[in-house]
Amino acid sequence: MDFQWIKVAYALLTLFIVLNYGLLMTAVIQKMGARAGRRYGIRVYQNYIDLLKNYVLRSKITHGYMYYLGPVFRLTGGIGLLLFVPTIYGSEMWANFSFSGDLILALYFVFFGTLGMALGAGESGHPLSALGVSRGLSQVTSAELPFAIAVFAVALQYQTLSVTEIVAAQQGGVMSWTLFTNPFAVAAAMLGFLGSMMRAPFDVVLAPQEIPIGPPTEFHSAYLALLQTNRNIFPVAKIVIYMNLFFGGAASWPVFGIKVFLLYLVSAFVGVAFPRFRVEQSVRFFLIWGVPLAIVGLYWV
Amino acid sequence: MKDDSRKFPLRPELEPREVKTPDGQTITVDPLRDYFCEAAPRVHAPVYVKIVEDFFNWARSESLWILGFGTGCGAIEMRPLMTPRFDAYRFGIQWRPTPRQANLLMISGYLSVKTLKRAIRSYEQMQSPKYVVGLGSCTINGGMYFDSYNTIKRLDDYLPVDLYIAGCMPRPEALLKGFEDLKKIIRAGKAEGANAYAENFAQYKERQKAVIHDWDMPDYNW
């Protein structure tokens, strides 16, 4: 298959749509969280203003090369995850740069940003950054375990490593989704999903308004704005993976919007209903509940 | 200015010392030089054309990130702003835990000399443009601590204040009104406190050192 340059334009357009969708959806979800706490919540367009303000701050300082690269790696993780899996099933253009075997690359990209962030935060030399990164890495690693095993289960079930073919196998009604053909794997993966969405009960890594803000302690101005951009792209990209693997994918942009929103809502619901885990508690939670479920899912196929 | 170097010797952990690294090298650590930057602040003038700068100022005014740092009794009046009754988030106001990400420093009430040192360090670590709001009478003229030996009387002598909110203590409603006023000042392009601080740096430092006797940090530490 020869490369078509128009795909680059479509990829950029995908990025644009997803960024705006992410900015608005995050604000709506935050408003819903605020309503659960009987508050009015932020304005729907607040994320845009915060992003703009951080990009146009006048002064910035640096701690070294890796400090520059940390946010860049993080953003690369988000964009890479988004662009190398098919966003809309059945469309050659919105499939972006997906290829057979992209599942492995996606698994890699999910972790890539965290590792880049670890390097950047380590360079900043702030003790709370190092602390936050070590907490974050241990939590994300343990949350990744059930997800990775569930992905193996799905790959075995459909005998392919291509996300497009996995989506294709799930077409033809709700009952052919992985959710119903392999419920244990999906349950395990959803636990991993909660763990990597940085919402309660697993948000002690990045508790945004407390003393240990975690990895981004030293990041400010445009660095922080890059991280914020990624905070709006990465969750959507991650949900696209989940949607494709477990919930039948999306055949059009409206279906995409609804499914992504509902999946994000799962983590928000859990977030407002449950208090926070400490890191070692969440690691134990994933090892005790997530991994056995995922292994049952593996036996199921 | 009186010389206090004998009375307040450098703390032992800030003195230069030899450290042996895990791989066997011996290196010299000078905390005052290694852990801080000594470069003086620069003036960051508004460089864009007026309409762009106005737009940016609007964005800055609608996204005020407050440093979560309470200095006096006034800090207790800031907490209700996060709760359902007053909910400052709907005005674009958030609290951040680190000075790097904040651009509004609320001096909430009386400021003892010991806390002033920390407030100055926090202020200098914030990124420009940054704003200071003095909360309560204590920051204006000392308030009920007017004859205290240990608190500062006029905050404006030590940090460039953009706005005072008078009262003892001002209620959360007064704070919300104050934030709206601060937004107007920022939108008008008059909140250039960070530049004023950089321009009159020597003067500010002289006044700060006149009250802080155990000055054991570089003049400017971002």
Side-chain angles (χ1 to χ4, degrees), chain A residues 27 30-31 33-64 67 71 121 124-129 131-132 206-228 231, chain B residues 34-37 39 41-48 52-53 55-69 79 81-104 124-130 183 186 192 194-195 198 221-222:
Chain A
Q30 250 177 300
K31 269 184 99 72
R35 292 293 166 92
R38 303 278 173 93
R39 282 192 298 113
Y40 189 76
I42 60 170
R43 293 169 291 198
V44 174
Y45 53 91
Q46 184 66 46
N47 285 341
Y48 286 94
I49 305 179
D50 287 347
L51 202 59
L52 176 68
K53 182 207 71 174
N54 275 329
Y55 273 120
V56 302
L57 276 188
R58 287 189 196 135
S59 66
K60 41 187 93 60
I61 57 165
T62 175
H63 291 285
Y67 183 75
S124 79
H126 197 289
L128 291 181
S129 294
L131 201 70
L206 201 90
Q209 287 175 6
E210 293 157 31
I211 308 301
I213 191 176
T217 305
E218 278 291 302
F219 288 96
H220 56 270
S221 308
Y223 311 115
L224 184 66
L226 276 183
L227 292 178
Q228 279 180 306
R231 288 282 293 164
Chain B
D34 295 352
Y35 298 167
F36 300 100
C37 168
R42 282 196 304 124
V43 175
H44 295 274
V47 286
Y48 301 103
V52 178
E53 197 65 42
F55 177 56
F56 288 172
N57 276 334
W58 170 80
R60 285 166 193 148
S61 74
E62 292 301 321
S63 165
L64 290 174
W65 288 8
I66 303 177
L67 178 61
F69 175 40
R79 302 300 165 259
L81 291 176
M82 303 178 189
T83 58
R85 178 146 182 211
F86 297 104
D87 189 21
Y89 291 94
R90 64 204 151 117
F91 301 116
I93 294 162
Q94 287 185 37
W95 280 261
R96 303 300 290 190
T98 151
R100 291 279 187 240
Q101 298 170 4
N103 24 41
L104 174 55
E124 289 177 350
Q125 286 182 24
M126 285 158 59
Q127 299 303 315
S128 164
K130 49 193 170 184
K183 286 181 182 181
I186 297 173
E192 297 288 342
N195 289 341
N221 43 83
W222 48 251

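Bear in mind that the values here come from a model prediction, so they are computed numbers and not experimental data. First the proteins, then the strands, lettered A, B, ... as listed; each starts at 1. Computed over heavy atoms, backbone and side chain alike; hydrogens, waters and symmetry mates excluded.
Atom CZ of B/Arg42 has 12 or fewer neighbouring heavy atoms from other residues, nucleotides or ligands inside a 6.0 Å radius.
Residue contact with chain A, scored on non-hydrogen atoms closer than 4.5 Å, is absent for B/Ser61. Neither the backbone nor the side chain of B/Pro41 comes within contact range of chain A; no heavy atoms are under 4.5 Å apart. Neither the backbone nor the side chain of B/Tyr48 comes within contact range of chain A; no heavy atoms are under 4.5 Å apart. Of the two parts of A/Leu57, the backbone and the side chain both hold a non-hydrogen atom closer than 4.5 Å to a non-hydrogen atom of chain B. With a 4.5 Å cut-off on non-hydrogen atoms, B/Ala194 does not touch chain A at all.
Under a 3.5 Å cut-off, the side chain of A/Thr62 and the backbone N or O of A/Gly64 do form a donor-acceptor pair.
Ranking A/Lys53, A/Gln46, A/Gln30, A/Arg38 against chain B, the residue ahead of the rest is A/Lys53, based on heavy-atom pairs under 4.5 Å. Of the listed residues B/Ala102, B/Pro99, B/Pro46, the one with more heavy-atom pairs under 4.5 angstrom with chain A than any other is B/Pro46. Ranked by non-hydrogen atom pairs under 4.5 Å with chain A, the options B/Lys130, B/Arg85, B/Glu192 are led by B/Glu192.
Remark: A/Lys31 qualifies as a cation-pi partner of A/Tyr40 under the 6.0 Å distance and 45° angle criteria applied to the six-membered ring.
In this model, no donor atom of one side chain and acceptor atom of the other lie less than 3.5 Å apart for A/Asp50 and A/Gln228.
Between B/Phe55 and B/Trp58, the two ring planes are parallel [angle under 30°; tilted spans 30° to 60°].
B/Gln94 CD to A/Ile42 CD1: the interatomic distance, rounded to the nearest 0.5 Å, is 7.0 Å.
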